[in-house]
Amino acid sequence: MSETPTTIEAGGAPTVRFADFGLAPEIQRALSDQGYVHPTPIQAQAIPIVLQGRDVMGAAQTGTGKTASFSLPIIQLLLPHANTSMSPARHAVRALVLTPTRELAIQVAENVKAYAQHTPLRSTVVFGGMDMKPQTEILRRGVEIVIATPGRLLDHVEQKNISLGQVQMLVMDEADRMLDMGFLPDLQRIINLLPKKRQNLMFSATFSPEIKKLASSFLNDPLTIEVARSNATNTSITQVLYKVDEEQKRNVVEHLIRARDLKQVLVFSNTKIGASRLARYLEQAGIKASAIHGDKTQQERIAALDAFKNGDIDVLVATDVAARGLDITDLPCVINYDLPYNAEDYVHRIGRTGRAGATGDALSVYSDKDERLLADIEKLIKQTITRGELTGFMPSRGGERGERPVERRGGRRETDSPRPERTERPDRGPRNYGAPRRDKIDPWFLKPYEPSAVPRKEAPAAPAASGKPKPKLAALLGGLPKQ
DNA sequence: AAAAAAC
C-alpha cells in the first residue's frame, strides 16, 4: 500500500491502434463508429494496465482522452458478466465513476454510453439539482455502470435506490478537484460501502501531497501514469494579455469578441455574479451570450451548455465550474475576464482551447490590482505571456461603445489571419445570426433507459479524432515519495 | 477570496 508505486514512462510507439488491445468486437465497433483508430498516449498506457486489473493513478488533464482510458477497460472487464444471463448479479452496479461536477458526470456518461452502445451493459448518470425520480427509476431497473457526483449518489444510497455492494471497479475522476471541493468525507463514506476487493482508478491533474495521500489510502499498489503536465502549457495555445482599467474590462472583452468576430468563445469570470453581469452586458450589446455557474438551476446550466455547443449562443460566460472537465470540441478561444486566483486554474481554463492538437487563443484582461496573480501564473507556467496592445479601442462609460475598434496585438505572432472586412458596424440591435434555432432541450439522461433506444450522438461527418497530434509525453515523477 | 456539491 505504502510502497513506492511503479512508474511507467508514458511514451513510445505512436502507431498503437485500438485494435491492438484485444477489446471485444462490440467495443471496437463503437470505436470505429466514432472514427477512433489510434489511442492517445494515456489511453495507450492505461488501457492494458487497467485490463490487467491493476490499480492506476493517472495524472492527466481533460482532453488527453482519459475518459476512454478507463471507460473502455471497464466495459471490457464487465462484459463477461453482462453476457451471462444466469448471473444473479445481472444489472447490479459493478463500476462506479465519481466526478466533481455535474457537467463532467454528464459528459463521462455520454462517452460510456457511446462506447457501450453495442453491448448489453447499462449505464446511467446521477447528480444533484435534478429530480430524484427519473434517476431512481433507472437505478431500480438496474445498471452495471453508474457515473455520479458524490452527494447525490449518497442520497440515492440512503434512499436504498442503489446498492454498492457489488462494485468491482471504482474510478475517481478529477480527484484533485474533488479534494478541493471538500468531497473527502463523502468519498470515504462511499468507499466504505464498496467491497474491499475491487479495482481502483484515480485520475488527477496534479500530484499534490494531499492527492498522494488519497492515493496511498485508497489505491492498492498502483501503477502511475503521467501525461505531459500542461504546466508547460500546450504550445498550440497562443496566449495574450491585455492590461486595462478595471472598469473597462467588460468593454474590452466585448471589443475582443467583435474585433475577432469570435463565434465559440468561453469567457471565465471569478465570481458567479460577475459571470451573470458580463453575460447580460454582452447580450445587451447584441452578442449572443449566456452564463453558467453554480447559482443557476441545473436546467439552466444544461440549457446554456447545450446552446453553446450547438451554436445558439456565441459566448458562454462561466465560473470555474467550467474550468476543468468540460470538453467542448474545437473551442477556438478562451477569454479570462478575471485572472484566476489560483494559478493552477489558469492552466485548466486555457486548456479548454487548443484541444487535441488544434490551435487556440487564450486572451486575458487584467488590471493593476492583478499584477500579483499574473506573476504567480507566469511563474507556474514558466513563461512570460505576450502583452497585447489594444489599438482602436475606445474607452467608454456606462456601457456606451465607441466606434468599432480595431484590435492589434503586440507580440510576434505572424500567423494572425487577416480579419474579414466588415462593411457595416452592427448597431445597437442584435447581430444577425440567421434564423434562430430553437431546439428543444431533451437530454437523453432525463429519459428512462431503454436498451433499444440508446441515444446516439450524431457522429461528426469526418471525426478528426483519430490520428490527431498527441500531447507530448513528459518524463515522470520517478516514483512518489512516501507519505 | 471564490468556486463547486445533497435535500
Side-chain angles (χ1 to χ4, degrees), chain A residues 62 96-109 125-136 139 146-162 164 172-190 193 204-206 210 246 249 266-279 291-302 304-305 316-326 334 336-349 351-352 364 366-367 369-377:
Chain A
T62 317
L96 176 63
V97 182
L98 299 174
T99 72
T101 66
R102 299 165 182 175
E103 278 76 11
L104 182 57
I106 293 171
Q107 199 169 278
V108 170
V125 57
V126 301
F127 52 85
M130 304 282 279
D131 194 356
M132 295 275 291
K133 273 188 283 217
Q135 297 178 3
T136 302
L139 288 175
V146 169
I147 298 94
T149 49
R152 178 55 69 92
L153 179 70
L154 285 167
D155 211 347
H156 280 297
V157 168
E158 275 162 21
Q159 300 199 19
K160 305 245 185 289
N161 299 331
I162 185 173
L164 300 178
M172 286 170 278
D173 202 4
E174 309 249 358
D176 49 349
R177 184 95 165 134
M178 287 205 272
L179 286 189
D180 288 348
M181 288 166 59
F183 275 136
L184 186 56
D186 282 352
L187 288 181
Q188 270 159 339
R189 284 182 63 201
I190 292 166
L193 299 165
S204 173
T206 57
E210 292 76 20
E246 182 65 26
K249 276 167 41 172
L266 183 57
V267 181
F268 282 104
S269 160
N270 281 357
T271 63
K272 293 181 278 198
I273 192 94
S276 283
R277 283 182 184 151
L278 180 59
I292 183 170
H293 58 66
D295 277 353
K296 297 265 185 187
T297 67
Q298 195 55 38
Q299 282 85 354
E300 287 172 322
R301 284 163 62 163
I302 290 168
L305 197 54
L316 187 64
V317 188
T319 57
D320 280 322
V321 66
R324 308 193 199 189
L326 277 199
V334 166
N336 284 307
Y337 170 67
D338 296 312
L339 287 184
Y341 288 118
N342 215 327
E344 193 83 40
D345 283 335
Y346 176 83
V347 180
H348 292 296
R349 287 180 180 184
R352 299 310 93 205
S364 303
Y366 72 107
S367 66
K369 65 169 181 46
D370 303 321
E371 290 288 1
R372 244 204 70 157
L373 298 175
L374 178 54
D376 288 346
I377 290 166

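Just so it is clear: chains get the letters A, B, ... in the order the sequence lines come, proteins before strands, and each one is counted from 1.
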task = For R277(A), check side chain to side chain donor-acceptor pair (under 3.5 Å) against everything at least two apart and list the hits.
result = none
note = Taken in chain and number order and not counting sequence neighbours, the residues that satisfy side chain to side chain donor-acceptor pair (under 3.5 Å) with N336(A) are R349(A), S364(A)
message = Just to verify, which of L104(A), D320(A), T99(A) counts as forming a side-chain contact (heavy atoms from CB on, under 4.5 Å) with R177(A)?
response =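 When side-chain contact (heavy atoms from CB on, under 4.5 Å) is applied between R177(A) and each of L104(A), D320(A), T99(A), only D320(A) qualifies.
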request  = Describe the nucleic acid contact of D320(A) in one word from base, sugar-phosphate, nothing, applying a heavy-atom distance below 4.0 Å.
outcome  = nothing
ask   = Base, sugar-phosphate alone, or nothing: which one does G129(A) contact when heavy atoms must sit under 4.0 Å apart?
value =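 Sugar-phosphate contact only - G129(A) comes under 4.0 Å of backbone atoms but never of a base.
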Atom [atom1] of [X] to atom [atom2] of [N]: distance rounded to whole Å?
X       : N      : atom1 : atom2 : result
D173(A) : dA4(B) : CG    : C1'   : 15 Å
L373(A) : dA2(B) : CG    : P     : 13 Å
M181(A) : dA1(B) : CE    : P     : 20 Å
Q159(A) : dA6(B) : CD    : P     : 14 Å
M130(A) : dA5(B) : CE    : C1'   : 15 Å
L339(A) : dA3(B) : CG    : C1'   : 16 Å
Q107(A) : dA4(B) : CD    : P     : 17 Å
D376(A) : dA1(B) : CG    : P     : 14 Å

Please check the phosphate of [N] (OP1 and OP2 only) for any side-chain N or O of [X] closer than 4.0 Å.
X       : N      : value
R301(A) : dA5(B) : yes
R102(A) : dA5(B) : yes
T319(A) : dA2(B) : no
T271(A) : dA1(B) : no

ask   = Side chains of L154(A) and L193(A): closer than 4.5 Å at any heavy-atom pair?
value =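 They are in side-chain contact.
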message = Quick check on K133(A): does its NZ atom have over 12 non-hydrogen neighbours (other residues, nucleotides or ligands) under 6.0 Å away?
response =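 Open.
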